[in-house]
Amino acid sequence: QVQLVESGGGSVQAGGSLTLSCVCSGTFVNQNVMAWYRQAPGQERELVANMGPGGHSKVKPPVEGRFTVSRDDAKNTLYLQMNDLKPEDTAVYYCKLHQPPFGAFWGQGTQVTVSS
């Protein structure tokens, strides 16, 4: 019933910017938690940023001050504004929706590649 589709990835030079979008479709309500994760080659998936239904957001220290997470509930879309990108940000970025009581749903991911 729920589908997440990420977009906006690409290849940029270090210091560049990208904006990722995640459009949510299907049967769900907006009282949920959405998040961005990323997974680099050979690495485990890691949390990048959370956005709760009340507007509470939290980004992880590696991207704090560079990334901003936001959501537009009217458009069922989660965003990740990525500034001052670094090579270590290279990863597949995934959108996650946690919708009680059904658990988590994931998108297919969008590739972000940052060249040094």
### Task
Check the pair Val23 / Leu4 against side chain to side chain contact (heavy atoms under 4.5 Å, CB included), numbers first and verdict last.
CA-CA 6 Å; Val23 179; Leu4 310 177; over 6 Å; no
### Task
Could you list the residues that satisfy ring pair (Phe, Tyr, Trp, His ring centres under 6.0 Å) with Tyr94, not counting sequence neighbours?
none
For the student: nearest non-hydrogen atoms of [X] and [Y], plus distance:
| X | Y | result |
| --- | --- | --- |
| Leu78 | Ser70 | CD1-O, 3.2 Å |
| Glu64 | Val59 | CA-CG2, 3.7 Å |
| Thr90 | Ala40 | O-CB, 3.6 Å |
| Gln13 | Ser116 | OE1-O, 3.8 Å |
| Asn83 | Ser17 | OD1-OG, 3.0 Å |
| Cys95 | Glu6 | N-OE2, 2.7 Å |

#### Entry: Pair Asp84 + Lys86, salt bridge at N-O below 4.0 Å
no
### Task
State whether Tyr93 and Arg38 meet the cation-pi test: NZ (Lys) or CZ (Arg) under 6.0 Å from the six-membered ring centroid, and within 45° of the perpendicular axis.
no
### Task
With sequence neighbours left out, write down each residue that passes salt bridge (Lys or Arg N to Asp or Glu O under 4.0 Å) with Arg66, or none if nothing qualifies.
Asp89
### Message
With a sphere of 6.0 Å drawn around CD of Gln111, does it hold more than 12 non-hydrogen atoms of other residues, nucleotides or ligands?
### Response
yes
### Query
Are side-chain heavy atoms of Val48 and Phe67 found at a separation under 4.5 Å?
yes
### Message
What I'd like to find out is whether the side chain of Leu18 reaches to under 4.5 Å of the side chain of Leu80, using heavy atoms alone.
### Response
no
### Message
If we count only N and O atoms by modelled type, under 3.5 Å, do the side chains of Thr77 and Asp72 hold a donor and an acceptor together?
### Response
no
